[in-house]
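Everything below concerns the one structure shown next.
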Amino acid sequence: MTSSDIADVVVLGDGLVGLSCARAVAARGHSCVLVGRHRIGAASGAAAGLIAPTVDPARGAALAFTVAARDRYASFLDELRGATGHDVPLALDGILRLPKDERDVRAMAGDDTAASRWLSSDDVAALEPALLAPFGARFHPRDARVDNRRLLQALNAAIALADLPRVEADAVRLEMADVHATVELDSGRRIRTAHVVVATGAWAPYLNGLPRPLPVRPLRGQMMALATPTHLPHPLTRPVFGHGGYLVPRPLEQQVLVGSTSETVGFTTGTTDAALAGFRRLAGRLVPALARADEARSWSGFRPMTLDGLPIIGLDPEAPALVYACGHSRNGILLAPLTGDVVAALISGDPPSHDLTPFSPSRFVPQTRALS
Ligand SMILES: Cc1cc2nc3c(=O)[nH]c(=O)nc-3n(C[C@H](O)[C@H](O)[C@H](O)COP(=O)(O)OP(=O)(O)OC[C@H]3O[C@@H](n4cnc5c(N)ncnc54)[C@H](O)[C@@H]3O)c2cc1C
């Protein structure tokens, strides 16, 4: 056994959640090995980058965590910039949500709150002149968007600059003992560790040796990027939800992202003509200037969905060497930085900064038994 085969912490998974956990754990002085092998359909590069805890809000402690995750973003990116020089775009301009029709207006207009307020169609036009919003819109002024692909690059650079050992391999098996764990890789290599963090996205349930079933399923999301028309290089400033989908501006690439589908198709990758045609119709309905925009690219990815849409974060109650950081469902971009913080606190034996009860690994036991 060499020294690289023993570490305080082994993080499994090289998406935004695994990278954030590895960075936070190493920042607390633990020796850490990151094990990951990219798969087609990994979610972190496929996502739209919406930081939207108040658009379809969770409740109670879960809502408090998602809002704190949003508010953690700016300082997290400052830290990354300081460490790597990478400047990851974060736009804190808010997010708009459009009603379908007048009946929907009655349901959505409601009272203004600290999280959102109703805007008339004139107010919307002042914010987003190219957007067609005849009925007005709900505005979530503190929600945001981040460029998740640039964030992945910055986090990978941070891991490299910190000299954090990294193994490009598949973790195939865990062996749990009282106070340590052993991770076996597909090469046959074994790494012994005090803590192993499972951050393998939609693939989390497939690790052999987990002490409990993980009800995480892949939910395919297709996306399309439209090249913005040359006469209108920035047709949108902020993301817009409406008519069953959303648009997200990516001004640096001169693109607007259009998404997304939610499909139970296992791990089948790819896009469909029907979905892409639907995205075109959606884009043209929301921003008519995009109706004939060229497609720049299209792709799909797998959301790691749990039964309640909330992540699984915490120590395994029967095997505390095992830490879960998976099942981030539709909000893994939003939640990755704060997930890293709380996982590092748990591993250090510190009380986490937030109530993690809604994310407990044992909350699914009755449902899981009922399903089997
Ligand atoms: C189309 C789409 C749009 C989305 N939009 C948003 C959004 O706007 N905002 C938001 O907050 N969230 C969004 N999400 C959800 C978000 O992308 C995910 O919740 C998040 O990226 C999950 O990150 P992760 O690191 O857990 O998983 P992933 O990014 O999937 O990374 C897991 C990594 O682990 C690797 N791996 C798996 N198994 C093993 C193994 N056994 N050994 C080694 N490596 C392994 C995989 O190959 C992969 O590289 C979206 C998702 C999709 C698909």
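As the structure lists them, so they are numbered: ligands from 1, and atoms in each ligand from 1.
- One finds no salt bridge joining R97 and D104 here, because no Lys/Arg side-chain nitrogen approaches an Asp/Glu carboxylate oxygen to under 4.0 Å.
- Close placement of the F267 and W203 rings is indicated, their centers lying within 6.0 Å of each other.
- For a heavy-atom separation below 4.0 Å, the residues in contact with ligand 1 are G13, D14, G15, L16, V17, G36, R37, H38, R39, A42, A43, S44, A46, A47, A48, G49, L50, A169, D170, A171, T200, G201, W203, G221, M223, Y246, S260, G301, F302, R303, P304, H328, S329, R330, N331, G332, I333, L334.
- In this structure, a donor-acceptor pair under 3.5 Å is absent between the side chains of R220 and S300.
- Residues E263 and R303 are not paired through a salt bridge, judged by the lack of any N-O separation under 4.0 Å between the basic side chain and the carboxylate.
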Residues I347, V323; criterion side-chain contact (heavy atoms from CB on, under 4.5 Å); working and verdict: CA-CA 8 Å; I347 285 174; V323 186; 4.0 Å; yes
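- Ionic pairing of R70 and D143 is present here: one or more N-O contacts between side-chain nitrogen and carboxylate oxygen are shorter than 4.0 angstrom.
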